[in-house]
Amino acid sequence: MNKPIEQRIGNIALVVENYDDAIEFYTKKLQFELIEDTDLGGGKRWVQISPPNSTGTNLLLAQASNEEQLKSVGNQAGGRVFLFLQTNDFWRDYELMKAQGVEFTEEPRIEEYGTVVVFKDLYGTKWDLLQLNQAN
């Protein structure tokens, strides 16, 4: 008997300039949890972070190690929103992030699918903070 296909995306690599700066931003300003920080030698680390109480995909912070990788820091999606942070309380998280000095590129807006605002991480990577409507 064949097993049914069962897959998931475990991590998404996010290229950053510096492990420690990125950890500080995500854990202090966005309240993410540091899941793992393992030294792999040669300046490489296995650093996983995740939003609080998340059971989904983790971000794997990958420190740029050459000029080509440095060029992609902050622009991994060609200037488009790259990541989508879904929340169960948009206004709580928006106000908390604002108080922490997170940069927003617009005012929050109500869309057909939910409440959303675009923000940038410490390197300029664009994110959506998003609370979906119950029907979604």
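These numbers were taken from a predicted model, which means no experiment stands behind them. The first residue in the sequence is number 1, and the count goes up from there. These numbers come from the heavy atoms of this one structure, side chains and all, not from hydrogens, waters or symmetry mates.
Between D21 and N18, the shortest heavy-atom contact is N-OD1, 2.8 Å. Smallest separation of non-hydrogen atoms from V15 and A64: CG1-CB, 3.9 Å. Considering all non-hydrogen atoms of both residues, A22 and V16 come closest at CB-CG1, 3.9 Å. For the residue pair S50 and S54, the shortest heavy atom distance occurs at OG-CB, 3.3 Å. The nearest pair of heavy atoms linking P51 to L85 is CG-CD1, 3.7 Å.
Side-chain contact between F119 and M97 is present, with heavy atoms from C-beta onward closer than 4.5 Å. Inter-residue side-chain proximity for L61 and I49 is flagged as met; some heavy-atom pair is nearer than 4.5 Å. The closest side-chain heavy-atom distance from V118 to V81 is below 4.5 Å. Using a 4.5 Å heavy-atom threshold, the side chains of L60 and I12 count as separate. Side-chain contact check for L30 versus L96: every heavy-atom pair is 4.5 Å or farther apart. Between Q86 and L132, some side-chain heavy-atom pair lies under the 4.5 Å cut-off. T87 has its side chain within reach of R92: a pair of non-hydrogen atoms, C-beta onward, lies under 4.5 Å apart. With a 4.5 Å cut-off on side-chain heavy atoms, D128 and V117 do not count as touching.
Separation of atoms NZ (K28) and CG (L122) is listed at 14.0 Å; rounding is to 0.5 Å. Residue D121 holds its CG atom at 8.5 Å from CG of L83, rounded to the nearest 0.5 Å.
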Practice item. Check the pair Y123 / E17 against side chain to side chain contact (heavy atoms under 4.5 Å, CB included), numbers first and verdict last. Key: CA-CA 8 Å; Y123 300 117; E17 285 183 20; 3.5 Å; yes
Exercise for review: Show your working on salt bridge (Lys or Arg N to Asp or Glu O under 4.0 Å) between R45 and D20 and close with a plain yes or no.
Suggested key: CA-CA 11 Å; R45 289 159 55 184; D20 294 322; 3.0 Å; yes
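A side-chain donor-acceptor contact under 3.5 Å links T27 to the backbone of I23. Side-chain N or O atoms of N11 include none that pairs as donor or acceptor with a backbone N or O of A13 at under 3.5 Å. Side-chain N or O atoms of N133 include one that pairs as donor or acceptor with a backbone N or O of E112 at under 3.5 Å. Without hydrogens or angle criteria, Q63 side chain to Y19 main chain gives a donor-acceptor distance under 3.5 Å. Put simply, the side chain of E36 never gets that close to the backbone of Q48: no donor and acceptor are under 3.5 Å apart.
Screening residues 69-82 for side-chain hydrogen bond (donor to acceptor under 3.5 Å, both in side chains), with sequence neighbours left out, gives S65-Q69. Every pair passing ring-ring contact (aromatic ring centres under 6.0 Å, His included) that includes a residue from residues 75-97 is listed here, sequence neighbours excluded: F90-Y94, W91-Y94, Y94-F104. Pairs passing the side-chain hydrogen bond (donor to acceptor under 3.5 Å, both in side chains) check and including a residue from residues 99-108, sequence neighbours excluded, read E106-R109.
Put simply, F25 and V47 are part of the same group of oily side chains (I, L, V, M, F, W, Y) that touch within less than 4.5 Å, one to the next. Clustering ILVMFWY residues whenever any of their side-chain heavy atoms sit less than 4.5 angstrom apart, transitively, puts W46 in a cluster other than the one holding L59. Clustering ILVMFWY residues whenever any of their side-chain heavy atoms sit less than 4.5 angstrom apart, transitively, puts I9 in a cluster other than the one holding I35.
Crowding of L40 atom CG: a count of heavy atoms from other residues, nucleotides or ligands under 6.0 Å exceeding 12.
Between Y26 and F32, the ring planes lie tilted relative to each other; the angle falls in the 30° to 60° range.
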